[in-house]
Amino acid sequence: MKRTLENLLLGAVNALKLAGELPDDTDPAIAVERTRDSQHGDFATNLAMTLAKAARTAPRPLAEKLVACLGQHSAVDRVEIAGPGFINFYLSAESRFEVVQAIHAAGHQYGLSRHGNGRRVQVEFVSANPTGPLHVGHGRGAAYGAAVANLLQATGFEVQREYYVNDAGRQMDILATSVWLRYLEECGAPLVFPANGYRGDYVRAIAAELHQREGERFFKSPVTVWQDLPPDEPQGGDREQHIDALIERARTLLGDADYRIVFDAGLTRILADIRTDLSEFGVDYQNWYSERSLAEGGAVQRAIETLDKAGYLYTRDGALWFASSRLGDEKDRVVVRDNGQTTYFASDIAYHLDKLERGFDALINVWGADHHGYIPRVKAALTALGADPERLQVLLVQFAVLWRGSEKVQMSTRSGEFVTLRQLRNEIGRDAARFFYVLRKSDQHLDFDLELAASNSNENPVYYIQYAHARICSVFRQLDEKGWARDIPQGMQALSRLLDPRESALLTRLARYPEVVETSALNYEPHHLAHYLRELAHEFHTCYNAVSFLVDDAELRNARLNLIAAVRQVLANGLSLLDVSAPEAM
RNA sequence: GCGCUUGUAGCUCAGCCGGAUAGAGCAUCGGCCUUCUAAGCCGAGGGUCGCAGGUUCGAGUCCUGCCAAGCGCGCCA
């Protein structure tokens, strides 16, 4: 409809150019918008105001000339000029009712578009280190990333959802060592657990399983393990040095092969847990990409060589540096440390090179907002690799701040004191969690009060929307009980009887849905969809309280049933994009 | 100190790449169930859009400065 009106206006502008009322070279950016207030019609444009200067006339007379040159269109009932020079379009009653028919015809496909034209987009999200269960912070990234991916898919993009598994690096070594130490305890060895180790119960569980499966073959006496190690923090030493030394000790005592078994015992079990957790949260991936496979397949080396050939690498202080500051970064970054190890950043360069080579038209990374300083160096890397950095879009998600009433919940993965995503799901349910997470703009802090969500979950807006859906289902059950058959064609014929302002409001809202899906998708802002659904539900509840659907007048009844069936369809479609269920009864 | 982000109702937040009297939820107060689910509806109060300038027909929205908050400034990941 917007497009239709814009074309009409374009015709009027061209007519005025021919008439010499407008300079030939005016290039109008025609913007037709939905009105906020129904008193201003259905659509409005500020065209006369933006062209006033070029036409050297006041906006209102220009608007009158534009309107005079406007072609006829069956969907447009009348056109008015208002305020400082707005041109307001009032749609005909017939065109207003078309949406009910359109929704009925499209069903669950209503709201989908081909805007993306099949372009391939990769959305990488969550990608939490597999060093422990997902916590509520990851939950937000999961809900947001999944919603963005769903929206893009609904807008005609070919979407691949990917999880980057950080199964290499120091954090994983700390996990492996933690597992091994707990394993030693399982074998009966008394020991002091390092301050920097992972203390969660899940580490003990993994160790116990390892002990049960493999027996005591990884046992080494505590004396040899701790011999000549630098002291831990509680003993006045440095926790980082202590844990690094412990890792080294584990490697030497166990040997590469056995160390790998212990390492993988932790990795496999935690990764499997994350996978199940996300799946139960309604989040499924097309691809799980291993960081370790990058290094082992030589991709990191290859990426470094590519940068080198492009002339962006140099040596300083024994390390190999990437001259990212030449490409907009604050400073240069190390890719190979003086001890010969490649950095996490080097892996990331290789990873992004690999993504580019896999041929995606656009790459989307969902990151925690605390990583925002990392964006310039990755973009610099893309440029150095010969790619357009604009192909990568980094979407930031602020961490959720958890509260229990007025008490802020402290979280730390290592101490094991954190609220897991699983606990959250158990407390408030998947639907409420998914919806709550995307209700706010993603780069804003989210205050998540567990007490409120758990004790008084009725207040959660998701139930409000689901209730609207269930209520409509209930009306149709009542219809059956009364022994009335729904006559869809009769209802379609009688749509013109939907004249109550509350019915009109619903019709307008329904017609907006495809636009909401599209803007939500293209701006990566699922909260627009969440708000839209709440408004639609509200307008339905209002209508429900004011208008009886199951009236004796069959024509009117069927018209209203067609309307609320359309509402039900759009509620279901929208909720499904957020992976929230649409219950038939509550 | 530098960089990024954010300041809108008592609280939590929307405000669609400049438009018409600034919106919602919660909270507060007052109404509505013999009729399709009251997890609902209707109404009321509540605002110097952080502050000060600027850009123009027009600014919560764009620009500059200041104030405040969060995050980031590793040969960590």
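Computation of the quantities below employed the complete heavy-atom set of this structure, encompassing side-chain atoms and omitting hydrogens, waters and symmetry-equivalent molecules.
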Between [options], which nucleotide has the shortest distance from any of its atoms to the side chain of [X]?
X	options	answer
Q478(A)	C41(B), A39(B), C36(B)	C36(B)
N545(A)	G19(B), C41(B), A24(B)	C41(B)
H528(A)	C36(B), A14(B), G40(B)	A14(B)
H538(A)	A20(B), C41(B), G19(B)	C41(B)
Y544(A)	C36(B), A14(B), G40(B)	C36(B)

Response to the item:
The contact string for nucleotides 6-12 of chain B, one letter per nucleotide 5' to 3', using protein heavy atoms under 4.0 Å with B, S and - for base, sugar-phosphate only and none, comes out as S-----S
Worksheet, complete the sentence: Its contact letters, B for base, S for sugar-phosphate only and - for none at protein heavy atoms under 4.0 Å, make nucleotides 72-77 of chain B read SSSBSB
Fill in: Electrostatic pair K355(A)-E162(A), nearest N-O below 4.0 angstrom
no
Worksheet item: When you check the gap from the basic side-chain N to the acidic O, do R497(A) and E503(A) get nearer than 4.0 Å?
Response: no
Discussion item. If you assign A537(A) and Q398(A) each to the RNA chain B nucleotide with the nearest heavy atom, which residue ends up on the more 5' nucleotide?
Written reply: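 Its nearest nucleotide being more 5', the pick is A537(A).
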Worksheet item: Between V475(A) and N523(A), which has a closest nucleotide on RNA chain B that is more 5'?
Response: N523(A)
Discussion item. For the base of A20(B) and the side-chain ring of H40(A), does the geometry meet a stacking cutoff of under 5.5 Å between centres and under 30° between planes?
Written reply: yes
On the nucleotide [N], are OP1 or OP2 found under 4.0 Å from the side-chain N or O atoms that [X] carries?
X	N	result
T542(A)	G40(B)	no
R502(A)	C41(B)	no
H541(A)	G25(B)	no

Item to complete: Report the residue from L522(A), L578(A), V517(A), T519(A) that forms a side chain to side chain contact (heavy atoms under 4.5 Å, CB included) with L151(A).
Response: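 Filter result, single survivor: V517(A).
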Item to complete: Using the C1' atom as the reference point in each nucleotide, state the distance between A77(B) and A14(B) in Å, no decimals.
Response: 35 Å
Worksheet item: How far does the P atom of G31(B) sit from the matching atom of C36(B), given to the nearest Å?
Response: 24 Å
Practice prompt. Take the protein atom CD1 of I472(A) and the nucleotide atom P of A39(B), then report the distance between them rounded to whole Å.
Written response: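 Distance check: I472(A) CD1 to A39(B) P gives 16 Å.
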Worksheet item: Hey, would you say the H528(A) and H531(A) ring centroids sit under 6.0 Å apart?
Response: no
Item to complete: Run the ring-centre check on Y513(A) versus Y532(A) and record whether the distance is less than 6.0 Å.
Response: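 Distance test on ring centres: under 6.0 Å, yes.
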Item to complete: Return yes when atom CD of E80(A) has more than 12 non-hydrogen atoms of other residues, nucleotides or ligands closer than 6.0 Å, and no otherwise.
Response: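 Enclosed: over 12 neighbouring heavy atoms sit under 6.0 Å from CD of E80(A).
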